[in-house]
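Read the structure below first, then the notes.
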Amino acid sequence: AEEDYSYDNLIYVSLGTIFNAGPEFYRAVLNQFGGTKYTVVISCGKNYEWLKREKIPSNVIVKPYVNQKKVMERAKLFVTAGGMNSICEAAAYGVPCLLYPQQGEQALNARMFRKLGMGTVVRNERKLFREVERLLREYAPEPEVSAEFSEIRLREFTERLEDYQKTG
């Protein structure tokens, strides 16, 4: 059965399918968010096998894969590496991003996304919870910025981001 993700205070964590973080990142999420007011959905790909053997707090849901659009409809915040598809979807749904880049292209995407006021970058997993709380308190993007990410504008944004990567 398809999950409906109708939780209050839903935080979605996914660092992508190719470059995703190691155990210390996921353990930091479990330790910092366990027992908080947040429901955390972690999509962790091939990390699922070892992660499901960890002590998973009751407010954390760990899955190998999720329907990202379904989760994004309900998420208050998205912890992402900053891959192009992920940040475009987050922007289209108006979901702020805590960006935790894993490689070069993601770091460039993250910088531009931060400049647009759509998120913030964190480089130290020990600061995840504090940064999530700060971002949720301060997040107030221009309404036009989210509107820019309609399907029609997505291609244009992708081209602008690619230009930025070449020059930035």
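Numbering starts at 1 and runs along the sequence shown.
Salt bridge annotation for E138-R134: present, with a cationic side-chain nitrogen under 4.0 angstrom from a carboxylate oxygen. Using a 4.0 Å cut-off between a side-chain N of Lys or Arg and a carboxylate O of Asp or Glu, E49 and K46 do not qualify as a salt bridge.
Across all non-hydrogen atoms, the minimal contact from K127 to V122 is CB-CG2, 4.2 Å. Closest non-hydrogen pair, P57 versus G35, comes out as CB-N, 4.3 Å.
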Could you walk me through whether Q68 and S86 pass the side chain to side chain contact (heavy atoms under 4.5 Å, CB included) test, one step at a time?
-> CA-CA 8 Å; Q68 187 157 293; S86 292; 3.5 Å; yes

May I have the step-by-step check of side chain to side chain contact (heavy atoms under 4.5 Å, CB included) for F129 and Y38, ending in yes or no?
-> CA-CA 10 Å; F129 186 81; Y38 301 106; 3.7 Å; yes

Would you check, one step at a time, whether the test side chain to side chain contact (heavy atoms under 4.5 Å, CB included) holds for N47 with F25?
-> CA-CA 11 Å; N47 287 301; F25 171 81; over 6 Å; no

Between Y100 and E125, is a side-chain hydrogen bond (donor to acceptor under 3.5 Å, both in side chains) present by the stated rule, with each step listed?
-> CA-CA 8 Å; Y100 186 76; E125 67 271 354; 2.5 Å; yes

V60 and L30: CA distance, side-chain angles, deciding distance, side chain to side chain contact (heavy atoms under 4.5 Å, CB included) verdict = CA-CA 7 Å; V60 177; L30 298 177; 3.7 Å; yes

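Expressed to the nearest 0.5 Å, how far OG1 of T80 lies from CD of E89 amounts to 10.0 Å. Taking CG from L135 and CE from M118, the interatomic distance works out to 10.5 Å, rounded to the nearest 0.5 Å. Atom-to-atom distance recorded for L128:CG and L98:CG is 6.0 Å, nearest 0.5 angstrom. Put simply, CG on L15 and CD on Q106 are 8.0 Å apart, with the number rounded to the nearest 0.5 Å. Expressed to the nearest 0.5 Å, how far OG1 of T36 lies from CG of N59 amounts to 5.0 Å. If you take CD on E131 and CG on L77, they are separated by 10.5 Å, rounding to the nearest 0.5 Å.
Between F78 and Y12, the two ring planes are parallel [angle under 30°; tilted spans 30° to 60°].
Looking at heavy atoms from C-beta onward, R123 lies in side-chain contact with P101 at the 4.5 angstrom threshold. Put simply, the side chain of V40 reaches to within 4.5 Å of the side chain of V29, judged on heavy atoms. Using a 4.5 Å cut-off on side-chain heavy atoms (C-beta onward), L10 and Y5 make contact. In this structure, the side chains of K63 and C44 stay at 4.5 Å or more apart for every pair of heavy atoms. K37 is listed as a side-chain neighbour of N9, based on a closest heavy-atom distance under 4.5 Å. Annotation: side chain of V121 is not in contact with side chain of F113 (no heavy-atom distance under 4.5 Å). For the pair M84/N109, a side-chain contact is recorded, criterion being any heavy-atom separation below 4.5 Å from C-beta on. Taking 4.5 Å as the limit, every side-chain heavy atom of V13 sits out of range of all side-chain heavy atoms of F33.
Counted within 6.0 Å of NZ on K52, heavy atoms from surrounding residues, nucleotides or ligands total more than 12; the atom is thus considered enclosed. For CG of N124, the number of neighbouring non-hydrogen atoms (other residues, nucleotides, ligands) closer than 6.0 Å is greater than 12.
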